Amino acid sequence: MYSQIQPLITGLQAYFDNVSLTDDKALQKPNNAVIFIDRVVPEYLTSSRIRKTCEMAIMFSIDGTADTAYQTADTKIADIESVLESSFNYYEIQEIQFGYVNNLHRLFVFAQFTIQWEE
């Protein structure tokens, strides 16, 4: 499974200072992305073909005023979609949540998505 997720991590490193798996301490710094893997479900197509569906999320934060942070978030989300499209046959973004913390001047973004691949 990790070998299937590795291209996602590698692709996202072009857009973030750091990309890690489940290291939530990385969120203390802006422009760091954390990937959370929720579950992987196998679907047996034939005796030799398996389609795996992985539910996961990515969280990152952006410093700045609310307007600039939201504009940057739009760009980052487009970058994430581009990496997903080039890395997997199928992806679907289910939900994107935004939270701007005024006293930190930081926007936190949490995106849930599903990817699929065959083995």
Side-chain angles (χ1 to χ4, degrees):
M1 177 204 64
Y2 183 74
S3 64
Q4 298 298 325
I5 308 273
Q6 187 60 42
L8 174 64
I9 294 169
T10 303
L12 290 174
Q13 287 174 341
Y15 304 106
F16 293 96
D17 295 338
N18 184 34
V19 180
S20 63
L21 287 172
T22 66
D23 179 15
D24 58 350
K25 288 184 179 182
L27 292 173
Q28 294 174 359
K29 295 181 181 176
N31 204 38
N32 286 336
V34 180
I35 296 174
F36 300 94
I37 300 171
D38 185 25
R39 67 181 179 161
V40 177
V41 179
E43 176 186 351
Y44 294 90
L45 304 173
T46 66
S47 60
S48 61
R49 285 182 51 217
I50 301 171
R51 177 184 298 137
K52 293 192 176 176
T53 301
C54 179
E55 295 176 5
M56 56 192 331
I58 184 169
M59 188 168 187
F60 59 93
S61 64
I62 301 165
D63 274 346
T65 65
D67 289 342
T68 58
Y70 276 104
Q71 289 172 356
T72 304
D74 282 345
T75 304
K76 295 278 186 190
I77 291 166
D79 294 338
I80 292 168
E81 283 190 271
S82 173
V83 172
L84 288 169
E85 189 172 346
S86 66
S87 301
F88 301 99
N89 294 335
Y90 172 84
Y91 78 92
E92 179 181 341
I93 296 178
Q94 279 108 11
E95 181 177 20
I96 302 173
Q97 299 176 21
F98 300 91
Y100 187 77
V101 181
N102 205 24
N103 63 339
L104 294 176
H105 300 287
R106 187 175 297 173
L107 176 68
F108 290 88
V109 181
F110 181 78
Q112 293 178 296
F113 55 93
T114 300
I115 56 174
Q116 286 183 346
W117 68 88
E118 289 188 18
E119 293 181 348

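Computed from a prediction, not measured in an experiment: that's the story for all the values here. What's counted below: heavy atoms across the whole structure, side chains too, no hydrogens, waters or symmetry copies.
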Exercise. Short question: side chain of T10, backbone of Q6 - any donor-acceptor pair under 3.5 Å?
Worked result: yes

For this session: Step by step, work out the side-chain contact (heavy atoms from CB on, under 4.5 Å) result for T53 and V40.
Result: CA-CA 6 Å; T53 301; V40 177; over 6 Å; no

Exercise. Tell me the salt bridge (Lys or Arg N to Asp or Glu O under 4.0 Å) pairs involving residues 3-19, sequence neighbours left out?
Worked result: none

For this session: Answer yes if the side chains of T65 and T68 hold a donor-acceptor pair under 3.5 Å, and no otherwise.
Result: yes

For this session: Only counting residues at least two apart or in another chain, list the ones meeting salt bridge (charged side-chain N to carboxylate O under 4.0 Å, His left out) with E81.
Result: none

For this session: Hey, could you give me the CZ/CD1 distance between F113 and I96, rounded to the nearest 0.5 Å?
Result: 10.0 Å

Problem set entry | Spacing of CD1 belonging to I37 relative to CD1 belonging to I58, to within rounding of 0.5 Å | 11.5 Å

For this session: Check whether the side chains of T114 and Q94 place a donor and an acceptor atom closer than 3.5 Å, and report yes or no.
Result: yes

For this session: Examine I50 and W117 and state if one hydrophobic cluster contains both, with Ile, Leu, Val, Met, Phe, Trp and Tyr joined whenever side-chain heavy atoms are less than 4.5 Å apart.
Result: no

For this session: Taking S87 for its side chain and L84 for its backbone only, find out whether a donor-acceptor pair lies under 3.5 Å.
Result: no

Exercise. Does CG in N89 sit with more than 12 non-hydrogen atoms of other residues, nucleotides or ligands closer than 6.0 Å?
Worked result: no

Seminar exercise, completed: Across all chains, not counting sequence neighbours, the ring pair (Phe, Tyr, Trp, His ring centres under 6.0 Å) partners of F110 are none

Problem set entry | Value rounded to 0.5 Å, distance of CG in N31 from OG in S61 | 8.0 Å

Problem set entry | side chain to side chain contact (heavy atoms under 4.5 Å, CB included) against A69, all qualifying residues, sequence neighbours excluded | I62, Y100, L107

Exercise. Who are the side chain to side chain contact (heavy atoms under 4.5 Å, CB included) partners of S82, not counting sequence neighbours?
Worked result: none

Problem set entry | Set of residues satisfying ring pair (Phe, Tyr, Trp, His ring centres under 6.0 Å) with respect to F36, sequence neighbours excluded | none

Exercise. Got a sec, which residues hit ring pair (Phe, Tyr, Trp, His ring centres under 6.0 Å) with Y15, two or more places apart in sequence or on another chain?
Worked result: none

Exercise. Which salt bridge (Lys or Arg N to Asp or Glu O under 4.0 Å) pairs, counting each pair once, include a residue from residues 55-78, with sequence neighbours left out?
Worked result: R39-E55, D63-R106

Exercise. Are the side chains of M56 and I5 in touch, meaning some heavy atoms are under 4.5 Å apart?
Worked result: yes

For this session: Return the set of residues passing salt bridge (charged side-chain N to carboxylate O under 4.0 Å, His left out) with E119 (not counting sequence neighbours), or none when no residue passes.
Result: K52

Problem set entry | salt bridge (charged side-chain N to carboxylate O under 4.0 Å, His left out) involving K29 - partner list, sequence neighbours excluded | none

Exercise. From L12 CG over to D79 CG, what is the distance, rounded to the nearest 0.5 angstrom?
Worked result: 9.0 Å

Problem set entry | Pairs flagged by ring pair (Phe, Tyr, Trp, His ring centres under 6.0 Å) wherever residues 52-82 is involved - sequence neighbours left out | F16-F60, Y70-F98

Exercise. Can Y90 be reached from L8 by stepping across I, L, V, M, F, W or Y side chains whose heavy atoms are under 4.5 Å apart?
Worked result: no

Exercise. I115, V41: one ILVMFWY side-chain cluster at the under-4.5 Å cut-off?
Worked result: no

For this session: Starting at CE of M59, measure out to CD of Q97 and round the result to the nearest 0.5 Å.
Result: 8.5 Å

For this session: For E118, enumerate each residue passing the side chain to side chain contact (heavy atoms under 4.5 Å, CB included) test, keeping only those at least two apart in sequence or located in another chain.
Result: L45, R49, R51

